[in-house]
2 protein chains.
Amino acid sequence: MDLEEHTKIPQATAKRLPLYYRFLNNLHGQGKMRVSSKELSEAVKVDSATIRRDFSYFGALGKKGYGYNVEYLLSFFRKTLDQDETTKVALIGVGNLGTAFLNYNFTKNNNTKIEIAFDASRERVGSEVGGVRVEHIDDMEEKMGDLAVAILTVPASEAQGIADRLVDAGVSAILNFTPARITVPSHVRVHHIDLAIELQALVYFLKHYPLDEEEEE
Amino acid sequence: MDLEEHTKIPQATAKRLPLYYRFLNNLHGQGKMRVSSKELSEAVKVDSATIRRDFSYFGALGKKGYGYNVEYLLSFFRKTLDQDETTKVALIGVGNLGTAFLNYNFTKNNNTKIEIAFDASRERVGSEVGGVRVEHIDDMEEKMGDLAVAILTVPASEAQGIADRLVDAGVSAILNFTPARITVPSHVRVHHIDLAIELQALVYFLKHYPLDEEEEE
DNA sequence: GGCTAGACGTTAAAGATTTCACAAACTCAG
DNA sequence: CTGAGTTTGTGAAATCTTTAACGTCTAGCC
Ligand SMILES: NC(=O)c1ccc[n+]([C@@H]2O[C@H](COP(=O)([O-])OP(=O)(O)OC[C@H]3O[C@@H](n4cnc5c(N)ncnc54)[C@H](O)[C@@H]3O)[C@@H](O)[C@H]2O)c1
Ligand SMILES: NC(=O)c1ccc[n+]([C@@H]2O[C@H](COP(=O)([O-])OP(=O)(O)OC[C@H]3O[C@@H](n4cnc5c(N)ncnc54)[C@H](O)[C@@H]3O)[C@@H](O)[C@H]2O)c1
């Protein structure tokens, strides 16, 4: 019943929910009591109609002529986004990117935490990075426990092999930062974040999709 | 004329072009002469009809009953993606993420290169990271030259201030890794990459959008 | 030279997402 | 208590994107 409701929410909306949640948190921290879709729109750079539409998938959360009650909205999204339970995450590949993530560790206002990290390099294994213990990749299956989510920051050539092992170890979601497009069974969810491509795409848009003329402010 | 043609290409297609290019490069490196949309589809995980459609925006690049000539396609995309000229990029904020990017530097098969980096911390300034000199942020305007693209990896609280200065310095595209949604004039293009949100969204999908039942391979 | 299998390019349909625009419902000042 | 002013929630339209389906053309074989 609960799940079915959620299943109807468009993916595009679902991707914006954490953004809304974060900003509502800020507002709440500032002691703000109410907020309109217009205000929110300016802050998160999403059209106000889109915001109202997004919220409406969850029912009537606001009041006409008033806007949204920050506290109410926040507590609603806290439930919706499962902010009360922390999802434990594994990170594979403690190199440049992996180290950056471990130091950051998404803990600020998040419900995710990197619990354990793995690497193949003997020099890294046994150390702690950002408070997270680095284990040897050979011990992955043994030490990973029942973590459901993994961040993949190994060299591209290793990606598929490690992904296969992750799947066998019971992982059901992978955030893949390698350029390799990995193949997994259909019950596993993979999101690719391909930073090199993001940069190239930005440059392409810059050159081929002119925006407004330059105008001095 | 040339520009107008490109302007008609859907954004979704444009974002996939660097991906195609990278894979074609791999194929070419392996000495492969021809490739079909089906093969490409399996490698980059994009529906083959979508690939054919994407390519068709540029005209008839393939041959029926044969597929695409790798060399031809590659040289076509090289032109289209301006792979021959290197776009110089500045990076602001040499912290965890910034350091990772500098060490990587997108140089592998890319047309982008981080030329210069800036930071506020006296200990970092003057050093080199990944072969890139780190300058003090106070000297940014003076030392940036005419770079058009910047990567922003400063703390969120600094993001808007630095963005304003980047715009004044003539930057027209910003890749923003901070959680702050920055405001810029309409002639400046900003892409947000919000890693914390990507992770949260993945977890949300995992919990609320069940995929196929688990099945043993 | 003719035939078969394969693969493109494209039309059209379906699906997803965004945006417009406005009636209804509310707030708040006076 | 009233009325002016806000702001929601949502049909309907517009836009963008993906996918299916297939006619057409080519390669390669016999
Ligand atoms: N650093 C960046 O800015 C950047 C940008 C875009 C893409 N990427 C991609 O992200 C990935 C990681 O990049 P990076 O710069 O951190 O690379 P890196 O070489 O610094 O780190 C890779 C780490 O993985 C470890 N490793 C190697 N094989 C392993 C294995 N089989 N099991 C476990 N660990 C293993 C290595 O010891 C190393 O610590 C790469 O695929 C890269 O292409 C990185
Ligand atoms: N590291 C991650 O994994 C991660 C993940 C998600 C988001 N982010 C975001 O990316 C940004 C950078 O993250 P980080 O972990 O690298 O942070 P960091 O604190 O390690 O690095 C920030 C760097 O910016 C420099 N800096 C501060 N003020 C500056 C200024 N005014 N001008 C120039 N440089 C200045 C600091 O000296 C520091 O070196 C942050 O906004 C963070 O929220 C990081």
Side-chain angles (χ1 to χ4, degrees), chain A residues 5-17 19-20 24 27 32-74 76-77 181 186 192 201 204-205 208-209, chain B residues 5-17 19-20 23-24 27 32-74 76-77 186 192 201 204-205 208-209:
Chain A
E5 249 183 79
H6 284 136
T7 307
K8 310 213 156 176
I9 292 163
Q11 301 222 354
T13 295
K15 282 197 205 153
R16 284 187 290 265
L17 297 183
L19 183 60
Y20 297 145
L24 289 170
L27 285 184
K32 234 166 166 279
M33 304 299 288
R34 62 187 261 186
V35 66
S36 68
S37 61
K38 185 146 161 288
E39 262 180 291
L40 255 156
S41 169
E42 276 151 29
V44 300
K45 315 283 183 204
V46 172
D47 186 89
S48 70
T50 301
I51 292 178
R52 291 199 300 281
R53 168 83 59 202
D54 283 348
F55 288 2
S56 79
Y57 291 115
F58 297 97
L61 302 178
K63 266 198 196 138
K64 306 192 180 186
Y66 176 88
Y68 301 89
N69 178 298
V70 172
E71 194 136 5
Y72 176 71
L73 210 51
L74 194 59
F76 181 84
F77 278 125
R181 284 334 206 221
S186 61
H192 289 272
Y204 182 80
F205 280 119
H208 298 281
Y209 290 65
Chain B
E5 248 184 83
H6 283 136
T7 306
K8 308 214 158 178
I9 292 164
Q11 299 222 354
T13 296
K15 283 197 204 153
R16 283 187 290 264
L17 296 183
L19 182 61
Y20 297 145
F23 189 69
L24 288 170
L27 284 185
K32 234 170 166 271
M33 303 300 287
R34 63 186 258 189
V35 65
S36 68
S37 60
K38 184 144 163 290
E39 264 181 291
L40 254 156
S41 169
E42 276 151 29
V44 300
K45 316 284 182 200
V46 171
D47 187 90
S48 70
T50 301
I51 292 178
R52 292 200 299 281
R53 161 87 56 213
D54 283 348
F55 288 3
S56 78
Y57 290 115
F58 298 96
L61 303 177
K63 263 195 200 146
K64 306 189 180 189
Y66 176 88
Y68 301 91
N69 177 299
V70 172
E71 195 137 7
Y72 176 71
L73 209 49
L74 193 60
F76 182 84
F77 279 124
S186 61
H192 289 273
Y204 182 80
F205 280 119
H208 297 281
Y209 290 66

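Since the structure is predicted, the reported quantities are computational estimates derived from the model, not experimental observations. So that the names make sense, note that chain A is the first sequence line, chain B the second, and so on, each numbered from 1.
The NZ atom of A/Lys15 lies 14.5 Å from the CD1 atom of A/Ile9; values are rounded to the nearest 0.5 Å. Put simply, CG on B/Asp47 and CG on B/Leu40 are 12.0 Å apart, with the number rounded to the nearest 0.5 Å. A distance of 8.5 Å separates CZ in A/Phe55 from CG in A/Leu17, rounded to the nearest 0.5 Å.
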(message) Treating primed atoms plus P, OP1 and OP2 as sugar-phosphate and everything else as base, which nucleotides of nucleotides 22-30 of chain C get B, S or - for protein heavy atoms under 4.0 Å?
(response) --BBBSS--
(message) Does the protein touch nucleotides 11-18 of chain D at the base, only the backbone, or not at all? Give it as B, S and - per nucleotide, heavy atoms under 4.0 Å.
(response) BB----SS
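The only member of B/Val46, B/Leu73, B/Leu74 that meets side-chain contact (heavy atoms from CB on, under 4.5 Å) when paired with B/Tyr20 is B/Val46.
Between the CG atom of B/Asn69 and the C1' atom of D/dA27 there is a distance of 14 Å, given to the nearest Å. Taking atom CE on B/Met33 and atom P on D/dG28, their separation rounds to 12 Å, with Å as the unit. The CZ-P distance, from A/Phe55 to D/dT10, rounds to 14 Å in whole Å. Atom OH of A/Tyr72 is separated from atom C1' of D/dT8 by 14 Å (rounded to the nearest Å). Rounded to whole Å, the distance from CD1 on A/Ile51 to C1' on C/dT18 is 13 Å.
Using a 4.5 Å heavy-atom threshold, the side chains of A/Arg16 and A/Val44 count as separate.
Using a 4.0 Å heavy-atom distance criterion, B/Tyr68 is classed as a sugar-phosphate-only contact. Among the protein residues, A/Ser48 comes within range of no part of the nucleic acid, since none of its heavy atoms lies under 4.0 Å from any strand.
In A/Lys38, the NZ atom is not crowded: 12 or fewer heavy atoms of neighbouring residues, nucleotides or ligands sit closer than 6.0 Å. Crowding of B/Lys45 atom NZ: a count of heavy atoms from other residues, nucleotides or ligands under 6.0 Å exceeding 12.
Taking all atoms of both residues into account, the shortest heavy-atom contact from B/Tyr66 to B/Met33 is OH-O, 4.3 Å.
Taking the six-membered ring for Trp and thresholds of 30 and 60 degrees, A/Tyr209 and A/Phe205 have ring planes more than 60 degrees apart, a perpendicular arrangement.
Contact between the side-chain N/O atoms of A/Ser37 and the OP1/OP2 oxygens of D/dT7 is not found at any separation under 4.0 Å.
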